[in-house]
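Just follow the structure's listing: the first ligand is 1, and inside any ligand the first atom is 1.
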Amino acid sequence: MRQLSIIIAILALSGIGCDIAVEQFPANEVFSLTLARTRSVPADAAKNDTNEVAVSLFGTPDEPQWPSSWFDDDTFVGLVDAENLVRAAGPVSSEEDGTHLGLFREHCVTCHGVAGDGAGPASATQNPYPRDFRHGVFKWKSTERGEKPTRDDLRSLLKHGVPGTGMPAFTLLANEDIEALVDYVIYLSVRGEFERRLMAAAVDQLGYEETAPSDEAKLTLDSGTEGQEAVHDVLNRVARDWGQAQPIDVPSTYRDLQGESLSESISRGDKIFHGPIANCVGCHGPNGNGQAVTLDYDDWAKEYSTRLGLDPKDRDAMRPFRKAGAPRPRPVQPRNLQLGVFRGGSEPETLYRRITQGIAGTPMPAVAVVEEPNGLGLTDDQIWDLVRYLRAAAVPEPRSADGEDELGEGE
Ligand code: HEC
Ligand code: HEC
């Protein structure tokens, strides 16, 4: 019986079918390989014990659980609704009252994979790749660069999708289905980040090498040991990060301008875009046309390439990681801003946050906000000028209709 279920799990994980039972989340092989390279010790024992602990705490793709009793703080317990988890997980089906089950496998798994590793069967041809949630890093959000997204961010992401990428807008899903999927994304991300951090802690703090350490330091859920403390600490640290997510304040000084005052503002924004403080032109090219030559990668790809001193273009060097399931590293493209497609939204508030936080996981840097122009950052008014410039650059017509003369000077 046990053997049969393992065979089913292997079939399911190899992408053969999405609606049959999936017994296990696949372990994070790429991270364990990366860890072994950076620490110069084998990480298999750490990977296997971490995986065992993760199954006990988080359950399986068909029977997920939220490890409520392990959290120090009630707000961590409330991050995820355990009933929603069950609704979003498992094989696709409907109950008599019409409730949909298996939402993640129905709508998301072909791209994001069973474990949320971004390596679903339809992922390889996409650019950018579907997100690997296990890093816990998200791009299109209202919080500080290094922070998690809020529930609102995830909700709105699912409703609007990410225009210009494979990530669809789920406009037809009922609100309660969206809520269940938000819970499931948070669950997969917490689970995946817990797995990564615990594997690292096992090697760095508990003395995992070729084999597991002594009983006292071995990863376990049995109370009172060093190994159990590590499990508890890592889990609560990941949950705390999610519990702290807050949208950053945006000053309410934005005004819709018209006519000459608008073109003057756009023209100031143009100078800032091409000027030395923001140096947007360095990556986005003149007038944001996307033509600057930059060769850089996102953090997901860098982890198993440049950060290990490996060349992402070197096929031989990448082979072990590719075999372990990593996508082929591809350079990130600074956006052609004239196309008018803002993946994270084009509202002035959103663009203010984008400029002052940059885009997490990508080379796009943050610009410092300063009180007075001092050559080191931009004032709020300057940021609004830049926002008006971006919005105008993205829609060529109004720009040439009422702003060309002023813009022309600087070019
Ligand atoms: C056809 C492929 C595809 C499907 C189906 C899909 N996604 Fe995505 N998803 C993507 C891609 C591609 C990205 C990366 C977008 C980017 O980097 O800007 C992404 C990104 C995301 C992100 C990260 C956004 C951020 O701020 O960084 C989340 C969360 C997400 N998807 C959730 C889901 C959920 C939940 C579903 C199912 C309801 C789903 N996706 C279905 C392709 C897909
Ligand atoms: C080091 C290179 C770099 C610099 C400098 C840079 N960007 Fe970017 N920018 C990027 C990359 C890369 C992306 C694409 C990220 C992605 O979609 O994953 C991007 C995306 C964007 C987007 C698209 C956001 C969206 O919602 O789709 C905007 C707007 C933008 N940058 C504005 C700016 C502005 C304004 C500046 C100057 C303050 C700037 N960038 C400086 C690299 C850079």
Asker: Any ion pair linking Glu179 and Arg155 (charged N to carboxylate O, less than 4.0 Å)?
Answerer: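 The answer is yes: the pair qualifies as a salt bridge.
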Asker: Salt-bridged, Glu83 to Arg87, with N to O below 4.0 Å?
Answerer: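 No, Glu83 and Arg87 are not salt-bridged.
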Asker: Can an N or O of Asn279 be found at a distance shorter than 3.5 Å from an N or O of ligand 2?
Answerer: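 The answer is no, given that Asn279 and ligand 2 share no N or O pair closer than 3.5 Å.
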Asker: Of the protein's non-hydrogen atoms, which lies at the shortest distance from atom 11 (C) of ligand 1, and what is that distance?
Answerer: Pro130 CA, 3.4 Å
Asker: Under a 4.0 Å heavy-atom limit, does Leu157 contact ligand 1 with its side chain, its backbone, both, or neither?
Answerer: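 It is the side chain that touches ligand 1; the backbone stays farther off.
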Asker: Nearest to atom 14 (C) of ligand 1, what protein heavy atom do you find, and at what distance?
Answerer: Tyr129 O, 3.5 Å
Asker: Could you tell me whether some N/O pair between Lys139 and ligand 1 is separated by less than 3.5 angstrom?
Answerer: yes
Asker: Select one of side chain, backbone, both or neither to describe which atoms of Asp298 lie under 4.0 Å from any atom of ligand 2, heavy atoms only.
Answerer: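 Neither; nothing of Asp298 gets under 4.0 Å from ligand 2.
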Asker: Any N/O/S atom, side chain or main chain, of Cys108 closer to atom 8 (Fe) of ligand 1 than 2.8 Å?
Answerer: no
Asker: Below the 3.5 angstrom mark, is there an N/O of Gly344, backbone or side chain, next to an N/O of ligand 2?
Answerer: yes
Asker: Suppose I only count heavy atoms of Gln126 and a 4.0 Å limit; which atoms of ligand 1 are within that range?
Answerer: 1 (C), 2 (C), 12 (C), 42 (C)
Asker: Does Arg240 count as lying over the ring of Phe71, i.e. NZ or CZ under 6.0 Å from the six-ring centre, within 45 degrees of the axis?
Answerer: no
Asker: Pull out every atom of ligand 1 sitting under 4.0 Å from any heavy atom of Leu181, numbered as shown with elements.
Answerer: 38 (C)
Asker: Heavy-atom contacts under 4.0 Å between Pro168 and ligand 1: side chain, backbone, both, or neither?
Answerer: side chain
Asker: Do me a favour and list the nearest non-hydrogen protein atom to atom 27 (O) of ligand 2 with residue, atom name and distance?
Answerer: Arg335 NH1, 2.5 Å
Asker: Which residue holds the protein heavy atom closest to atom 21 (C) of ligand 1, what is that atom called, and what is the gap in Å?
Answerer: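 Result for atom 21 (C) of ligand 1: His112 CE1, 3.5 Å.
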Asker: Within the structure, does Arg131 bring an N/O atom to less than 3.5 angstrom of an N/O atom in ligand 1?
Answerer: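 By distance alone, the answer is yes.
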Asker: Using a 4.0 Å heavy-atom threshold (strictly under), name the region of Pro365 that reaches ligand 2: side chain, backbone, both or neither.
Answerer: side chain
Asker: Hey, does the Lys NZ or Arg CZ of Arg131 hover above the aromatic six-ring of Trp300, less than 6.0 Å from the centre and inside 45° of the axis?
Answerer: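 Yes, a cation-pi geometry.
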Asker: Tell me the contacting part of Leu173 for ligand 1: side chain, backbone, both, or neither, using a 4.0 Å heavy-atom threshold, strictly below.
Answerer: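 Neither; nothing of Leu173 gets under 4.0 Å from ligand 1.
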